[in-house]
Amino acid sequence: MFLSLLVSSPSLAIVWIVAILSSLTIHEFSHALIGSMRGDKTAEREGRLSLNPIVHIDPFGLIPLLLFGFGWAKPVPFNPYNLKNPKWDSVAIALAGPLSNLLLATISGIGFRFAMTALGAGNLLTIFLFLLILLNLFLAFFNVIPIHPLDGSKLFFALFDDPKYARLRALVAIRGPQILMIAIFIAILTNVDVFFFIAKPAYATCDALVGGSCLGYFASIFSAL
């Protein structure tokens, strides 16, 4: 998508990549911030407590994100032994990312309504705010899936930490990444809507934030190219 945008509309391509980098940066920074607040300085010592997108970029994750719509940033490290409450502080660090995306989407939704009224639907700032809403909602809903290594897995492991769930935890930890990669490849290579359970709530929340049809506005932006 990014390459076609770069050819047909360079300005929109720049807006798209800035929105992606902003969303990923806020997500990873939030992990580092909560880790530091809960007593672990690992991420801070490695320079990850920063709003500089460069320190959070994983080239191997960014390239497929631009080309296919699926990718990742560099994971933020933390040492649970430094945390005040390792079990639940680990959950707080993990969920800080998706929650920051929801907050950014909400703030962008407020800005979008003002920009739409003052600047119009075709203005690049309006489009940028819209993309922030959509990207952050997809990031939030995707990352709470309880499959390792996604953020939701930390909550899953905390809730099912009893020894009787050992086999279930092993399944999520070992088979989870394999299932996730298969689902991603199916979504990229076919027309099967594997992640409908993410897209539907993301678009529904987006509609509520902007007061209109996000799918329709998204189509109007890119169909004209």
Side-chain angles (χ1 to χ4, degrees), residues 1-3 5-6 13-108 111 125 128-129 131-158 172-173 176-177 180-181 184:
M1 181 177 184
F2 177 72
L3 292 180
L5 272 181
L6 198 58
I14 292 172
V15 167
W16 177 258
I17 194 169
V18 171
I20 289 176
L21 292 177
S22 300
S23 304
L24 292 176
T25 297
I26 291 296
H27 182 100
E28 301 302 335
F29 169 78
S30 298
H31 287 316
L33 176 63
I34 299 303
S36 181
M37 291 174 63
R38 299 308 299 164
D40 178 41
K41 304 297 182 182
T42 303
E44 186 175 353
R45 285 194 298 269
E46 295 192 12
R48 301 299 301 281
L49 188 60
S50 171
L51 290 173
N52 180 0
I54 294 175
V55 304
H56 301 295
I57 291 175
D58 180 346
F60 294 104
L62 182 61
I63 292 172
L65 180 61
L66 295 176
L67 295 178
F68 306 114
F70 285 96
W72 57 89
K74 194 185 302 181
V76 170
F78 74 93
N79 186 344
Y81 295 105
N82 293 331
L83 299 173
K84 300 170 184 177
N85 184 339
K87 177 181 177 180
W88 292 109
D89 285 348
S90 296
V91 174
I93 292 170
L95 296 185
L99 288 175
S100 71
N101 293 131
L102 288 176
L103 179 60
L104 183 54
T106 302
I107 294 172
S108 300
L125 177 59
F128 171 69
L129 290 169
L131 292 176
L132 275 183
I133 298 168
L134 209 53
L135 286 168
N136 278 277
L137 289 175
F138 270 86
L139 268 175
F141 288 117
F142 179 74
N143 275 284
V144 295
I145 298 175
I147 291 179
H148 181 73
L150 300 179
D151 298 328
S153 66
K154 298 296 190 297
L155 178 59
F156 177 88
F157 291 139
V172 172
L180 184 63
M181 288 306 300
I184 289 173

Would you sort out whether L21 and L62 count as a side chain to side chain contact (heavy atoms under 4.5 Å, CB included), showing the intermediate values? CA-CA 9 Å; L21 292 177; L62 182 61; 4.2 Å; yes
To the nearest 0.5 Å, what is the distance between [atom1] on [X] and [atom2] on [Y]?
X    : Y    : atom1 : atom2 : answer
I17  : L65  : CD1   : CG    : 9.0 Å
D151 : I93  : CG    : CD1   : 11.0 Å
L135 : S23  : CG    : OG    : 5.0 Å
L180 : F142 : CG    : CZ    : 4.5 Å
L95  : S100 : CG    : OG    : 10.5 Å
L83  : W88  : CG    : CH2   : 14.0 Å

Indicate the atoms forming the closest heavy-atom contact of [X] with [Y], along with that distance.
X   : Y    : result
G47 : V55  : O-CG2, 3.6 Å
K87 : A158 : CE-O, 3.1 Å
W16 : L131 : CZ3-CD2, 3.5 Å
P98 : A140 : O-CB, 3.6 Å
S22 : L132 : CB-CD2, 4.1 Å
P86 : S90  : O-OG, 2.5 Å

With distance as the sole test, does [X] use its side chain to make a donor-acceptor pair with the main-chain N or O of [Y] at under 3.5 Å?
X    : Y    : value
R48  : H31  : no
S108 : L104 : yes
D40  : N79  : yes
D89  : K84  : yes
H56  : S50  : yes
S36  : A32  : no

Run the side chain to side chain contact (heavy atoms under 4.5 Å, CB included) check on N101 and L137 step by step: do they pass? CA-CA 7 Å; N101 293 131; L137 289 175; over 6 Å; no
Would you please test L103 and I107 for side chain to side chain contact (heavy atoms under 4.5 Å, CB included) and show each step? CA-CA 6 Å; L103 179 60; I107 294 172; 4.0 Å; yes
Under the criterion side chain to side chain contact (heavy atoms under 4.5 Å, CB included), I'd like the reasoning laid out for F29 against L49: C-alpha separation, chi angles, the key distance, then a yes or no. CA-CA 6 Å; F29 169 78; L49 188 60; 3.8 Å; yes
Please examine the side chains of S30 and I34, heavy atoms only from C-beta on, and report whether any two atoms are closer than 4.5 Å. no
Counting C-beta onward and ignoring hydrogens, is there a side-chain heavy-atom pair between L51 and I26 closer than 4.5 Å? yes
